[in-house]
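Reading through the structure tokens given below for one structure.
First listed ligand is number 1; within each ligand, the first listed atom is number 1.
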Amino acid sequence: MLYRLKKSGYQAHLVGGGVRDLLLGREPKDFDVATDATPEQIKAAFGNARIIGRRFRLVHVRFGREVIEVATFRSMQFQQEKQSDEGMILRDNEFGSIEEDAMRRDFTVNALYYNIADFSVVDYSNGMEDLECGLLRLLGDPETRYREDPVRMLRAARFAAKLGFNIEAATEEPIARLAHLLGDVPSARLYEEVLKLFVSGYAVSAFEKLRHYNLFAQLFPQTEEALAHEEHEFPLVLVRKGLENTDRRLAQDKPVTPAFLFAVLLWEPLRRIARELEEADGLPFYQALQQAGDVVVARQVQQVAIPRRFSTPMREIWTLQARFHNTKGKRPHRLLAHPRFRAAYDFLLLRAESGEADPELAAWWTRFQEQQGLDPKGGGKAAEGSKRRRRRRPRKRPAQ
Ligand code: ATP
Ligand code: MG
């Protein structure tokens with residue numbers, strides 16, 4: 001791939017997380033290529049290429065099942081009309097030199113280029129040194145860089161969690177102060193970032209970092225509120241255990257679904273509203289859960305979008321919690337046949353383990369499944385929902 005570009009007379013470099021992770025001896029998730037060829041020239045050099053993106057145009061080149069993202073070097077020039085009042089970059093398509101491209105990247109450790117012409121690592125910003133010290137340092141003035149793109153605050157927390165790096169002091173200082181700027185980021189983009197934070201195998205650590213930097217409250221204000229005011233331990237325990245489960249499943253290459261993840265993250269605010277509806281309006285638990293679900297989801301999607309294919313099963317996981325209380329007659333058999341039974345049962349176990357639900361009830365359902373010849377632990381039909389693990393498709397945010 002790189003050689004094809006080179007043969008066509010262009011510069012070609014590997015860049016970004018792929019280079020960083022290789023140098024750290026970790027398995028890279030994917031590779032990005034930076035070149036001085038324009039998107040049209042890249043497309044001309046490869047038959048199997050597609051130009052994508054509006055905010056930043058790049059080319060996807062397909063190699064069998066892999067897709068490699070190829071981007072043209074971008075320039076430093078900001079054009080006034082392309083920035084919002086807060087200094088946020090709205091479009092970013094000026095081509096430039098490799099030096100300029102390096103300065104537009106986020107962290108020094110993400111701005112290392114592997115040059116295939118002579119197999120050297122090109123480092124314009126002491127990224128190698130930071131890599132060795134385990135430091136995340138933003139290029140340029142941190143506050144300006146966060147204002148350009150507030151998602152860089154989430155990226156700081158994410159890489160700190162993923163790599164176990166520290167955030168360098170000047171890069172760290174503005175975060176809590178500027179966290180509110182995430183309110184200006186489109187909810188669909190935040191959804192993508194939330195997935196990267198919580199379904200990449202280091203969710204527990206990402207959660208701690210996000211809370212520490214006041215970023216979690218920007219993503220899940222209702223949850224933060226419920227956790228902060230909580231007189232009991234169990235809501236926090238539930239979230240932690242839920243995230244631990246997710247990390248463990250990913251480590252074992254088992255499927256995880258965003259539906260279950262969001263069900264965990266939003267359960268406590270939902271439970272509180274449902275309890276109020278039960279007590280004040282005398283609603284049955286099932287209806288209370290349903291109505292509380294409407295409220296919690298409507299508020300949540302103002303921050304972080306949740307696609308319907310996940311919010312629908314998420315709500316089923318919630319409402320089925322009420323049906324677990326029916327253990328008489330035919331009803332348990334009907335519940336067992338529900339397509340979301342598995343995920344809802346796993347959720348009940350999580351509630352029981354964290355001390356919120358009755359462990360006896362959870363044990364009853366475990367025994368009931370065994371009596372029916374089912375394996376309560378088995379990933380029988382669809383463990384934790386129905387979605388296979390997301391394909392390894394580069395679904396990422398291009399660089400600034
Ligand atoms: P991951 O391991 O999650 O893939 P990554 O560093 O490769 O980490 P990507 O989102 O794939 O992250 O981005 C690739 C590269 O593009 C980054 O390494 C960085 O150089 C640049 N980049 C991505 N997002 C931004 C941003 N918001 N601002 C500046 N540069 C960015
Ligand atoms: Mg990457």
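The pair Glu244-Arg240 does not count as a salt bridge, with every side-chain nitrogen at least 4.0 angstrom from each carboxylate oxygen.
The shortest heavy-atom distance from Asp32 to ligand 1 is under 4.0 Å. Distances from ligand 1 to the non-hydrogen atoms of Glu148 include no value under 4.0 Å.
Both the backbone and the side chain of Asp106 come within 4.0 Å of ligand 1, judged by heavy-atom distances. Both the backbone and the side chain of Asn110 come within 4.0 Å of ligand 1, counting heavy atoms alone.
Within a 6.0 Å sphere centred on CZ of Arg331, heavy atoms belonging to other residues, nucleotides or ligands number 12 at most.
Donor-acceptor pairing under 3.5 Å is lacking for the side chains of Arg105 and Asn110.
The heavy-atom pair separating Asp358 from Glu360 by the smallest distance is OD1-N, 2.9 Å.
Contact atoms of ligand 1 toward Arg152: 26 (C), 27 (N), 28 (N), 29 (C) (distance under 4.0 Å to a heavy atom of the residue).
The N/O atoms of Gly16, backbone and side chain alike, include none that comes under 3.5 Å of an N/O atom in ligand 1.
With respect to the Mg ion (ligand 2), Asp30 has OD1 as its nearest N, O or S atom.
Using a 4.5 Å heavy-atom cutoff, the side chains of Leu139 and Arg145 are in contact.
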